[in-house]
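Inspection log for the structure reproduced underneath, given as C-alpha coordinates.
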Amino acid sequence: MPENLVELQPDRYRRGLAWLQRRPLRWALLFSLGAISSFAFAPTFYLPVLLVTMPVFVWMFMRTAGPGAAFWDGWAFGFGFFSLGLRWIVQSFANQPSVPDAMGPPAVLLLALAMGLYPALVAAFTRRVSVPGLTAMMVFALAWAVAEWLRGHLFTGFPWNPVAAIWAVWTPMMQPLSLVGTYGLGFFTLLIAISPLALHPAYGGGGARGWIWPACAVLGLMIWGSYGLMRMNQTPLVRVPDVTVRLVQANIPQKLKWDRSLRRDHFSDHLYLSDSLPDPDGRLIVLWPETAITDPFFDQKPGGRAIISRMLPPDGVLITGLLRAETGLDGRPKAMNSVMAFDSFGQTLGQYDKHHLVPFGEYLPARSVLSALGLEKLAGGLYDLGSGSGPSTLQFAGLPSFSPLVCYEAIFPGAVVAPMERPEMLVNLTNDAWFGLSIGLSTFCAKPDAGR
(Lines give C-alpha, C1' and ligand atoms only; values in the text may rest on other atoms or scores of the structure.)
Protein backbone atom coordinates (compact mmCIF):
# COMPACT_ATOMS: atom_id res chain seq x y z
CA MET A 1 0.00 0.00 0.00
CA PRO A 2 1.49 3.43 -0.91
CA GLU A 3 2.68 5.38 2.14
CA ASN A 4 0.60 8.46 1.35
CA LEU A 5 -2.55 6.31 1.38
CA VAL A 6 -1.57 4.50 4.56
CA GLU A 7 -1.21 7.78 6.38
CA LEU A 8 -4.80 8.70 5.48
CA GLN A 9 -6.23 5.62 7.20
CA PRO A 10 -6.94 5.32 10.93
CA ASP A 11 -4.89 2.60 12.63
CA ARG A 12 -7.93 0.41 13.34
CA TYR A 13 -9.05 0.69 9.70
CA ARG A 14 -5.56 -0.25 8.53
CA ARG A 15 -5.45 -3.28 10.77
CA GLY A 16 -8.89 -4.38 9.54
CA LEU A 17 -7.65 -4.34 5.94
CA ALA A 18 -4.28 -5.92 6.64
CA TRP A 19 -5.52 -9.32 5.47
CA LEU A 20 -5.91 -7.89 1.96
CA GLN A 21 -2.14 -7.67 1.75
CA ARG A 22 -1.85 -11.46 2.02
CA ARG A 23 -1.59 -12.45 -1.61
CA PRO A 24 -3.42 -15.81 -1.59
CA LEU A 25 -6.45 -14.30 0.19
CA ARG A 26 -6.29 -11.16 -1.92
CA TRP A 27 -6.20 -13.05 -5.20
CA ALA A 28 -8.95 -15.39 -4.04
CA LEU A 29 -11.16 -12.36 -3.37
CA LEU A 30 -10.31 -10.82 -6.74
CA PHE A 31 -10.98 -14.14 -8.49
CA SER A 32 -14.37 -14.25 -6.76
CA LEU A 33 -15.17 -10.68 -7.79
CA GLY A 34 -14.40 -11.52 -11.41
CA ALA A 35 -16.47 -14.71 -11.29
CA ILE A 36 -19.44 -12.87 -9.76
CA SER A 37 -19.17 -10.20 -12.47
CA SER A 38 -19.92 -12.83 -15.12
CA PHE A 39 -23.46 -13.14 -13.73
CA ALA A 40 -24.25 -9.73 -15.23
CA PHE A 41 -24.27 -11.43 -18.65
CA ALA A 42 -26.67 -13.89 -20.30
CA PRO A 43 -28.58 -15.84 -19.28
CA THR A 44 -28.78 -14.51 -15.70
CA PHE A 45 -28.43 -10.75 -16.38
CA TYR A 46 -27.89 -9.83 -12.73
CA LEU A 47 -26.74 -6.35 -13.75
CA PRO A 48 -26.47 -4.81 -10.24
CA VAL A 49 -23.54 -7.10 -9.35
CA LEU A 50 -21.26 -4.84 -11.40
CA LEU A 51 -22.09 -1.94 -9.05
CA VAL A 52 -20.29 -3.92 -6.35
CA THR A 53 -17.62 -5.96 -8.10
CA MET A 54 -16.19 -3.28 -10.38
CA PRO A 55 -15.79 -0.52 -7.74
CA VAL A 56 -14.16 -2.97 -5.30
CA PHE A 57 -11.84 -4.22 -8.05
CA VAL A 58 -10.69 -0.69 -8.93
CA TRP A 59 -10.35 0.24 -5.28
CA MET A 60 -8.15 -2.79 -4.60
CA PHE A 61 -5.69 -2.50 -7.46
CA MET A 62 -5.38 1.27 -7.01
CA ARG A 63 -4.19 0.64 -3.43
CA THR A 64 -1.22 -1.44 -4.61
CA ALA A 65 2.38 -0.28 -4.49
CA GLY A 66 2.62 0.09 -8.25
CA PRO A 67 1.61 -1.16 -11.70
CA GLY A 68 3.37 -4.52 -11.20
CA ALA A 69 1.22 -5.47 -8.24
CA ALA A 70 -1.86 -4.05 -9.99
CA PHE A 71 -1.10 -6.31 -12.95
CA TRP A 72 -1.38 -9.44 -10.80
CA ASP A 73 -4.56 -8.13 -9.20
CA GLY A 74 -6.06 -7.59 -12.64
CA TRP A 75 -5.00 -11.07 -13.75
CA ALA A 76 -6.69 -12.68 -10.75
CA PHE A 77 -9.89 -10.73 -11.46
CA GLY A 78 -9.78 -11.59 -15.17
CA PHE A 79 -9.06 -15.24 -14.45
CA GLY A 80 -12.22 -15.42 -12.35
CA PHE A 81 -14.27 -13.48 -14.87
CA PHE A 82 -13.38 -15.71 -17.79
CA SER A 83 -13.27 -18.98 -15.85
CA LEU A 84 -16.94 -18.69 -15.04
CA GLY A 85 -17.87 -16.80 -18.20
CA LEU A 86 -16.37 -19.51 -20.43
CA ARG A 87 -17.49 -22.55 -18.43
CA TRP A 88 -19.92 -23.47 -21.23
CA ILE A 89 -16.89 -24.68 -23.18
CA VAL A 90 -16.70 -27.66 -20.82
CA GLN A 91 -20.15 -28.68 -22.00
CA SER A 92 -19.17 -28.16 -25.63
CA PHE A 93 -16.40 -30.74 -25.22
CA ALA A 94 -18.99 -33.19 -23.93
CA ASN A 95 -20.94 -32.70 -27.17
CA GLN A 96 -18.04 -33.81 -29.40
CA PRO A 97 -17.73 -37.59 -29.43
CA SER A 98 -14.19 -37.44 -30.79
CA VAL A 99 -12.88 -35.26 -27.93
CA PRO A 100 -12.39 -36.60 -24.38
CA ASP A 101 -14.68 -34.86 -21.88
CA ALA A 102 -11.74 -34.49 -19.50
CA MET A 103 -10.15 -31.94 -21.85
CA GLY A 104 -12.93 -29.45 -21.12
CA PRO A 105 -11.89 -28.05 -17.70
CA PRO A 106 -8.16 -27.68 -18.54
CA ALA A 107 -9.06 -25.97 -21.83
CA VAL A 108 -11.30 -23.46 -20.04
CA LEU A 109 -8.70 -22.71 -17.37
CA LEU A 110 -5.93 -22.20 -19.94
CA LEU A 111 -8.13 -19.94 -22.05
CA ALA A 112 -9.22 -17.99 -18.96
CA LEU A 113 -5.59 -17.49 -17.97
CA ALA A 114 -4.80 -16.12 -21.41
CA MET A 115 -7.86 -13.85 -21.51
CA GLY A 116 -7.07 -12.64 -18.00
CA LEU A 117 -4.08 -10.78 -19.44
CA TYR A 118 -6.41 -8.07 -20.77
CA PRO A 119 -7.85 -7.01 -17.35
CA ALA A 120 -4.31 -7.35 -15.98
CA LEU A 121 -2.99 -4.83 -18.48
CA VAL A 122 -5.94 -2.52 -17.79
CA ALA A 123 -5.20 -2.54 -14.06
CA ALA A 124 -1.46 -2.01 -14.56
CA PHE A 125 -1.99 0.85 -17.01
CA THR A 126 -4.57 2.58 -14.83
CA ARG A 127 -2.33 2.32 -11.76
CA ARG A 128 0.65 3.57 -13.77
CA VAL A 129 -0.86 6.73 -15.24
CA SER A 130 -3.24 7.87 -12.49
CA VAL A 131 -3.75 8.17 -8.74
CA PRO A 132 -6.95 7.40 -6.83
CA GLY A 133 -9.60 9.85 -7.93
CA LEU A 134 -12.10 10.61 -10.64
CA THR A 135 -9.33 10.58 -13.23
CA ALA A 136 -8.49 6.98 -12.37
CA MET A 137 -12.13 6.04 -12.89
CA MET A 138 -12.14 7.61 -16.34
CA VAL A 139 -8.82 6.01 -17.27
CA PHE A 140 -10.01 2.60 -16.11
CA ALA A 141 -13.22 2.72 -18.18
CA LEU A 142 -11.34 3.90 -21.27
CA ALA A 143 -8.55 1.32 -20.86
CA TRP A 144 -11.10 -1.49 -20.45
CA ALA A 145 -12.86 -0.42 -23.66
CA VAL A 146 -9.53 -0.40 -25.53
CA ALA A 147 -8.66 -3.83 -24.11
CA GLU A 148 -12.00 -5.19 -25.33
CA TRP A 149 -11.25 -3.87 -28.81
CA LEU A 150 -7.83 -5.54 -28.75
CA ARG A 151 -9.36 -8.80 -27.51
CA GLY A 152 -11.76 -8.69 -30.44
CA HIS A 153 -9.00 -8.27 -33.01
CA LEU A 154 -5.73 -9.86 -31.87
CA PHE A 155 -5.02 -13.50 -32.78
CA THR A 156 -8.22 -13.74 -34.89
CA GLY A 157 -10.20 -12.13 -32.05
CA PHE A 158 -12.30 -13.45 -29.20
CA PRO A 159 -14.79 -10.68 -28.23
CA TRP A 160 -16.82 -12.86 -25.85
CA ASN A 161 -18.90 -10.94 -23.26
CA PRO A 162 -18.01 -7.32 -23.96
CA VAL A 163 -19.45 -5.15 -21.19
CA ALA A 164 -22.07 -3.70 -23.55
CA ALA A 165 -23.62 -7.18 -23.87
CA ILE A 166 -25.22 -6.89 -20.41
CA TRP A 167 -27.89 -4.62 -21.95
CA ALA A 168 -29.14 -7.37 -24.28
CA VAL A 169 -31.77 -8.08 -21.64
CA TRP A 170 -33.53 -4.79 -22.47
CA THR A 171 -33.55 -3.68 -26.10
CA PRO A 172 -34.00 0.10 -25.49
CA MET A 173 -30.68 0.19 -23.62
CA MET A 174 -28.95 -1.24 -26.70
CA GLN A 175 -29.99 1.63 -28.96
CA PRO A 176 -26.94 3.88 -28.25
CA LEU A 177 -24.96 1.26 -30.17
CA SER A 178 -26.03 3.19 -33.26
CA LEU A 179 -24.13 6.23 -31.94
CA VAL A 180 -21.07 4.92 -30.07
CA GLY A 181 -20.76 1.25 -31.04
CA THR A 182 -20.13 -1.71 -28.79
CA TYR A 183 -16.93 -0.46 -27.20
CA GLY A 184 -18.27 3.04 -26.66
CA LEU A 185 -21.34 1.60 -24.99
CA GLY A 186 -19.08 -0.52 -22.80
CA PHE A 187 -17.11 2.60 -21.77
CA PHE A 188 -20.23 4.42 -20.56
CA THR A 189 -21.52 1.25 -18.90
CA LEU A 190 -18.34 0.94 -16.87
CA LEU A 191 -18.48 4.60 -15.83
CA ILE A 192 -21.91 3.88 -14.39
CA ALA A 193 -20.80 0.59 -12.82
CA ILE A 194 -17.90 2.16 -10.90
CA SER A 195 -19.84 5.30 -9.91
CA PRO A 196 -20.29 4.09 -6.27
CA LEU A 197 -16.51 4.41 -5.93
CA ALA A 198 -16.96 8.20 -6.00
CA LEU A 199 -18.42 7.98 -2.49
CA HIS A 200 -14.94 7.11 -1.18
CA PRO A 201 -12.97 10.15 0.10
CA ALA A 202 -9.96 9.31 -2.06
CA TYR A 203 -12.13 9.43 -5.19
CA GLY A 204 -13.74 12.82 -4.67
CA GLY A 205 -16.29 11.81 -2.07
CA GLY A 206 -17.05 13.32 1.28
CA GLY A 207 -20.37 14.81 2.25
CA ALA A 208 -22.93 15.63 -0.38
CA ARG A 209 -20.23 16.01 -3.01
CA GLY A 210 -19.69 12.27 -3.08
CA TRP A 211 -23.18 11.68 -4.42
CA ILE A 212 -22.71 13.82 -7.52
CA TRP A 213 -21.19 11.04 -9.63
CA PRO A 214 -23.75 8.35 -8.69
CA ALA A 215 -26.54 10.89 -9.24
CA CYS A 216 -25.14 11.66 -12.68
CA ALA A 217 -25.02 7.92 -13.38
CA VAL A 218 -28.71 7.53 -12.51
CA LEU A 219 -29.59 10.56 -14.63
CA GLY A 220 -27.51 9.16 -17.47
CA LEU A 221 -29.36 5.85 -17.30
CA MET A 222 -32.70 7.66 -17.47
CA ILE A 223 -31.61 9.69 -20.51
CA TRP A 224 -30.09 6.58 -22.05
CA GLY A 225 -33.26 4.53 -21.66
CA SER A 226 -35.48 7.41 -22.84
CA TYR A 227 -33.40 7.78 -26.00
CA GLY A 228 -33.67 4.05 -26.63
CA LEU A 229 -37.47 4.03 -26.27
CA MET A 230 -37.79 7.11 -28.48
CA ARG A 231 -35.55 5.62 -31.17
CA MET A 232 -37.49 2.36 -31.19
CA ASN A 233 -40.82 4.19 -31.42
CA GLN A 234 -39.60 6.41 -34.26
CA THR A 235 -37.98 3.64 -36.29
CA PRO A 236 -40.62 2.12 -38.55
CA LEU A 237 -41.02 -1.63 -38.61
CA VAL A 238 -40.03 -2.84 -42.05
CA ARG A 239 -42.52 -5.27 -43.54
CA VAL A 240 -42.08 -7.15 -46.77
CA PRO A 241 -45.54 -7.79 -48.25
CA ASP A 242 -46.58 -11.23 -49.46
CA VAL A 243 -43.54 -12.99 -48.01
CA THR A 244 -43.58 -15.65 -45.27
CA VAL A 245 -40.42 -16.78 -43.50
CA ARG A 246 -40.51 -20.28 -42.03
CA LEU A 247 -37.78 -21.03 -39.44
CA VAL A 248 -36.94 -24.71 -39.07
CA GLN A 249 -34.97 -26.31 -36.22
CA ALA A 250 -34.95 -30.12 -36.13
CA ASN A 251 -33.57 -30.29 -32.57
CA ILE A 252 -30.88 -32.83 -33.40
CA PRO A 253 -28.58 -33.64 -30.45
CA GLN A 254 -25.07 -32.41 -31.09
CA LYS A 255 -23.58 -35.83 -30.38
CA LEU A 256 -25.65 -37.31 -33.20
CA LYS A 257 -25.32 -34.44 -35.64
CA TRP A 258 -22.20 -35.72 -37.39
CA ASP A 259 -23.08 -39.40 -37.44
CA ARG A 260 -22.77 -40.31 -41.13
CA SER A 261 -25.31 -43.10 -40.84
CA LEU A 262 -27.94 -40.53 -39.78
CA ARG A 263 -27.34 -37.94 -42.51
CA ARG A 264 -30.44 -38.92 -44.48
CA ASP A 265 -32.58 -39.02 -41.34
CA HIS A 266 -31.51 -35.51 -40.37
CA PHE A 267 -32.14 -34.23 -43.88
CA SER A 268 -35.58 -35.86 -43.88
CA ASP A 269 -36.42 -34.25 -40.53
CA HIS A 270 -35.72 -30.80 -41.95
CA LEU A 271 -37.74 -31.56 -45.07
CA TYR A 272 -40.72 -32.80 -43.06
CA LEU A 273 -40.76 -29.75 -40.78
CA SER A 274 -40.44 -27.43 -43.77
CA ASP A 275 -43.24 -29.07 -45.75
CA SER A 276 -45.63 -30.09 -42.97
CA LEU A 277 -47.61 -26.84 -43.10
CA PRO A 278 -49.79 -25.61 -45.97
CA ASP A 279 -48.09 -23.27 -48.40
CA PRO A 280 -48.77 -19.69 -47.29
CA ASP A 281 -50.19 -16.97 -49.47
CA GLY A 282 -47.33 -15.24 -51.20
CA ARG A 283 -43.70 -16.20 -51.39
CA LEU A 284 -42.20 -18.74 -48.95
CA ILE A 285 -38.68 -18.39 -47.57
CA VAL A 286 -37.47 -21.40 -45.56
CA LEU A 287 -34.51 -21.00 -43.20
CA TRP A 288 -32.56 -24.03 -41.97
CA PRO A 289 -29.88 -23.73 -39.25
CA GLU A 290 -26.11 -23.92 -39.43
CA THR A 291 -24.78 -27.13 -41.04
CA ALA A 292 -28.30 -28.53 -41.33
CA ILE A 293 -26.86 -30.49 -44.26
CA THR A 294 -23.72 -32.35 -43.20
CA ASP A 295 -22.91 -34.10 -46.49
CA PRO A 296 -20.00 -32.01 -47.84
CA PHE A 297 -20.85 -32.98 -51.43
CA PHE A 298 -24.56 -32.29 -51.23
CA ASP A 299 -24.44 -29.20 -53.45
CA GLN A 300 -22.79 -31.32 -56.16
CA LYS A 301 -25.50 -34.00 -56.15
CA PRO A 302 -28.53 -33.48 -58.45
CA GLY A 303 -30.64 -35.82 -56.31
CA GLY A 304 -30.52 -33.61 -53.22
CA ARG A 305 -31.30 -30.50 -55.23
CA ALA A 306 -34.28 -32.26 -56.82
CA ILE A 307 -35.69 -33.10 -53.40
CA ILE A 308 -35.39 -29.46 -52.34
CA SER A 309 -37.12 -28.32 -55.52
CA ARG A 310 -40.08 -30.60 -54.78
CA MET A 311 -40.33 -29.27 -51.24
CA LEU A 312 -40.48 -25.60 -52.26
CA PRO A 313 -43.44 -23.86 -53.91
CA PRO A 314 -42.79 -22.35 -57.38
CA ASP A 315 -41.27 -19.08 -56.13
CA GLY A 316 -39.94 -20.41 -52.81
CA VAL A 317 -36.37 -20.12 -51.52
CA LEU A 318 -34.43 -22.32 -49.09
CA ILE A 319 -31.57 -20.68 -47.19
CA THR A 320 -29.58 -23.31 -45.32
CA GLY A 321 -26.32 -23.89 -43.56
CA LEU A 322 -24.28 -26.79 -44.90
CA LEU A 323 -20.85 -28.31 -44.90
CA ARG A 324 -19.37 -27.80 -48.36
CA ALA A 325 -16.26 -29.26 -49.98
CA GLU A 326 -14.20 -27.45 -52.60
CA THR A 327 -10.70 -27.52 -54.04
CA GLY A 328 -8.34 -24.91 -52.63
CA LEU A 329 -5.77 -22.85 -54.48
CA ASP A 330 -3.15 -25.44 -53.57
CA GLY A 331 -5.19 -28.14 -55.33
CA ARG A 332 -6.12 -29.85 -52.09
CA PRO A 333 -9.74 -30.35 -51.02
CA LYS A 334 -11.06 -28.35 -48.08
CA ALA A 335 -14.36 -28.13 -46.23
CA MET A 336 -16.26 -24.89 -45.66
CA ASN A 337 -18.95 -23.99 -43.17
CA SER A 338 -21.28 -22.31 -45.63
CA VAL A 339 -24.67 -20.75 -46.28
CA MET A 340 -26.39 -21.55 -49.59
CA ALA A 341 -29.69 -20.47 -51.07
CA PHE A 342 -31.66 -22.74 -53.45
CA ASP A 343 -34.68 -21.88 -55.56
CA SER A 344 -37.61 -24.13 -56.49
CA PHE A 345 -35.62 -25.50 -59.44
CA GLY A 346 -32.81 -26.64 -57.16
CA GLN A 347 -30.51 -23.97 -58.56
CA THR A 348 -28.07 -22.05 -56.35
CA LEU A 349 -29.10 -18.42 -55.86
CA GLY A 350 -26.17 -17.40 -53.69
CA GLN A 351 -23.52 -18.64 -51.32
CA TYR A 352 -21.48 -17.44 -48.36
CA ASP A 353 -18.55 -19.12 -46.57
CA LYS A 354 -17.94 -18.51 -42.89
CA HIS A 355 -14.76 -16.50 -42.40
CA HIS A 356 -14.51 -16.10 -38.62
CA LEU A 357 -13.77 -19.65 -37.57
CA VAL A 358 -13.86 -20.92 -33.98
CA PRO A 359 -10.37 -21.61 -32.57
CA PHE A 360 -10.05 -25.20 -31.33
CA GLY A 361 -13.53 -25.89 -32.69
CA GLU A 362 -13.22 -25.39 -36.44
CA TYR A 363 -9.47 -25.08 -36.70
CA LEU A 364 -6.45 -25.77 -34.53
CA PRO A 365 -4.09 -22.80 -34.11
CA ALA A 366 -0.44 -23.75 -34.65
CA ARG A 367 -1.60 -27.18 -35.77
CA SER A 368 1.88 -28.48 -36.59
CA VAL A 369 3.12 -27.68 -33.07
CA LEU A 370 0.07 -28.90 -31.16
CA SER A 371 -0.25 -32.01 -33.32
CA ALA A 372 3.34 -32.91 -32.49
CA LEU A 373 2.34 -32.74 -28.83
CA GLY A 374 -0.59 -35.08 -29.47
CA LEU A 375 -3.21 -32.37 -29.02
CA GLU A 376 -4.78 -32.42 -32.49
CA LYS A 377 -8.03 -33.77 -31.00
CA LEU A 378 -8.62 -30.41 -29.33
CA ALA A 379 -10.14 -29.28 -32.62
CA GLY A 380 -12.51 -32.22 -32.80
CA GLY A 381 -11.05 -33.60 -36.02
CA LEU A 382 -7.94 -34.23 -38.05
CA TYR A 383 -8.28 -31.25 -40.38
CA ASP A 384 -9.21 -27.59 -40.30
CA LEU A 385 -12.18 -25.99 -41.98
CA GLY A 386 -11.42 -23.43 -44.68
CA SER A 387 -12.11 -19.74 -44.14
CA GLY A 388 -14.21 -17.59 -46.46
CA SER A 389 -13.13 -14.26 -47.91
CA GLY A 390 -15.17 -12.11 -45.52
CA PRO A 391 -18.64 -10.60 -45.04
CA SER A 392 -20.85 -10.35 -48.10
CA THR A 393 -24.31 -9.21 -49.09
CA LEU A 394 -26.84 -11.48 -50.79
CA GLN A 395 -29.71 -10.10 -52.82
CA PHE A 396 -32.59 -12.07 -54.32
CA ALA A 397 -35.34 -10.64 -56.48
CA GLY A 398 -38.26 -9.38 -54.41
CA LEU A 399 -36.48 -9.78 -51.06
CA PRO A 400 -34.49 -7.38 -48.86
CA SER A 401 -30.72 -7.60 -49.17
CA PHE A 402 -29.06 -9.35 -46.23
CA SER A 403 -25.68 -10.16 -44.78
CA PRO A 404 -25.44 -13.87 -43.85
CA LEU A 405 -23.60 -14.84 -40.67
CA VAL A 406 -22.85 -18.24 -39.18
CA CYS A 407 -23.12 -18.58 -35.39
CA TYR A 408 -19.88 -17.29 -33.77
CA GLU A 409 -19.50 -14.51 -36.34
CA ALA A 410 -22.38 -12.58 -34.77
CA ILE A 411 -20.28 -11.61 -31.72
CA PHE A 412 -17.72 -9.57 -33.69
CA PRO A 413 -18.65 -5.86 -33.44
CA GLY A 414 -18.29 -3.97 -36.69
CA ALA A 415 -17.43 -7.09 -38.70
CA VAL A 416 -20.83 -8.36 -39.81
CA VAL A 417 -21.29 -6.55 -43.12
CA ALA A 418 -19.09 -6.04 -46.15
CA PRO A 419 -17.15 -2.75 -46.34
CA MET A 420 -19.10 0.12 -47.93
CA GLU A 421 -22.30 -1.93 -47.95
CA ARG A 422 -25.37 -1.62 -45.77
CA PRO A 423 -27.74 -4.55 -46.21
CA GLU A 424 -31.32 -4.30 -45.02
CA MET A 425 -31.07 -7.34 -42.74
CA LEU A 426 -28.64 -9.57 -40.87
CA VAL A 427 -29.39 -13.30 -41.05
CA ASN A 428 -27.53 -15.45 -38.51
CA LEU A 429 -27.77 -19.21 -39.04
CA THR A 430 -26.99 -21.17 -35.90
CA ASN A 431 -28.05 -24.09 -33.76
CA ASP A 432 -29.57 -21.99 -31.01
CA ALA A 433 -29.65 -23.80 -27.68
CA TRP A 434 -27.94 -23.41 -24.31
CA PHE A 435 -24.95 -25.53 -23.35
CA GLY A 436 -26.65 -27.12 -20.37
CA LEU A 437 -27.12 -24.59 -17.56
CA SER A 438 -24.07 -22.56 -18.59
CA ILE A 439 -23.96 -19.01 -19.90
CA GLY A 440 -23.03 -20.09 -23.42
CA LEU A 441 -25.30 -20.65 -26.37
CA SER A 442 -24.39 -23.68 -28.44
CA THR A 443 -23.82 -21.56 -31.52
CA PHE A 444 -20.43 -23.10 -32.27
CA CYS A 445 -20.02 -25.51 -35.13
CA ALA A 446 -18.77 -28.89 -33.96
CA LYS A 447 -16.51 -30.29 -36.66
CA PRO A 448 -17.17 -33.75 -38.02
CA ASP A 449 -14.81 -36.43 -36.89
CA ALA A 450 -12.60 -37.36 -39.82
CA GLY A 451 -12.16 -40.84 -38.41
CA ARG A 452 -15.84 -41.79 -38.42
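Here the structure is a predicted model, which means the values were calculated and not measured.
- Among F81, F31, F77, W75, the one residue that satisfies the ring-ring contact (aromatic ring centres under 6.0 Å, His included) test with F57 is F77.
- Separation of atoms CG (N428) and CD1 (I411) is listed at 10.5 Å; rounding is to 0.5 Å.
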Any chance you could lay out the side chain to side chain contact (heavy atoms under 4.5 Å, CB included) test for F71 and L121, step after step, and finish with the verdict? CA-CA 6 Å; F71 176 89; L121 292 173; 3.9 Å; yes
With a cut-off of 3.5 Å and sequence neighbours excluded, list every side-chain donor-acceptor pair involving residues 147-158.
from	atom 1	to	atom 2	distance (Å)
E148	OE2	W144	NE1	3.1
E148	OE2	V163	N	2.8
R151	NH1	F158	O	3.1
R151	NH1	W160	O	2.7
R151	NH2	W160	O	3.3
H153	ND1	W149	O	2.7
T156	OG1	Y363	OH	3.3

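- Taken from CZ in F267 to OG1 in T320, the straight-line distance is 8.5 Å, to the nearest 0.5 Å.
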Between D295 and R260, does a salt bridge (Lys or Arg N to Asp or Glu O under 4.0 Å) hold up when you go through it step by step? CA-CA 8 Å; D295 180 356; R260 293 185 180 183; over 6 Å; no
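- Of all heavy-atom pairs between A70 and A123, the closest is O-CB, 3.3 Å.
- Separation of the F140 and F125 ring centroids does not fall under the 6.0 Å cut-off.
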Taking it one step at a time, do F412 and H355 satisfy side chain to side chain contact (heavy atoms under 4.5 Å, CB included)? CA-CA 12 Å; F412 285 84; H355 68 283; over 6 Å; no
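- Nearest heavy atom pair, residue I166 against residue F45, reads O-CD2, 3.4 Å.
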Run the side chain to side chain contact (heavy atoms under 4.5 Å, CB included) check on M60 and L29 step by step: do they pass? CA-CA 10 Å; M60 288 183 67; L29 175 59; 3.8 Å; yes
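- Taking the charged nitrogens against the carboxylate oxygens, E409 and K354 have no contact shorter than 4.0 Å, which rules out a salt bridge.
- Not counting sequence neighbours, the partners of T182 by the side-chain contact (heavy atoms from CB on, under 4.5 Å) test are P162, A164, L177, P413.
- Every residue two or more places apart in sequence or in another chain was checked for a ring-ring contact (aromatic ring centres under 6.0 Å, His included) with H266, and none qualifies.
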Could you give me the CA-CA distance, side-chain angles and deciding distance for V417 and T393, then say whether side chain to side chain contact (heavy atoms under 4.5 Å, CB included) is met? CA-CA 7 Å; V417 298; T393 300; 5.7 Å; no
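- Within 6.0 Å of CH2 on W72 lie no more than 12 heavy atoms contributed by other residues, nucleotides or ligands.
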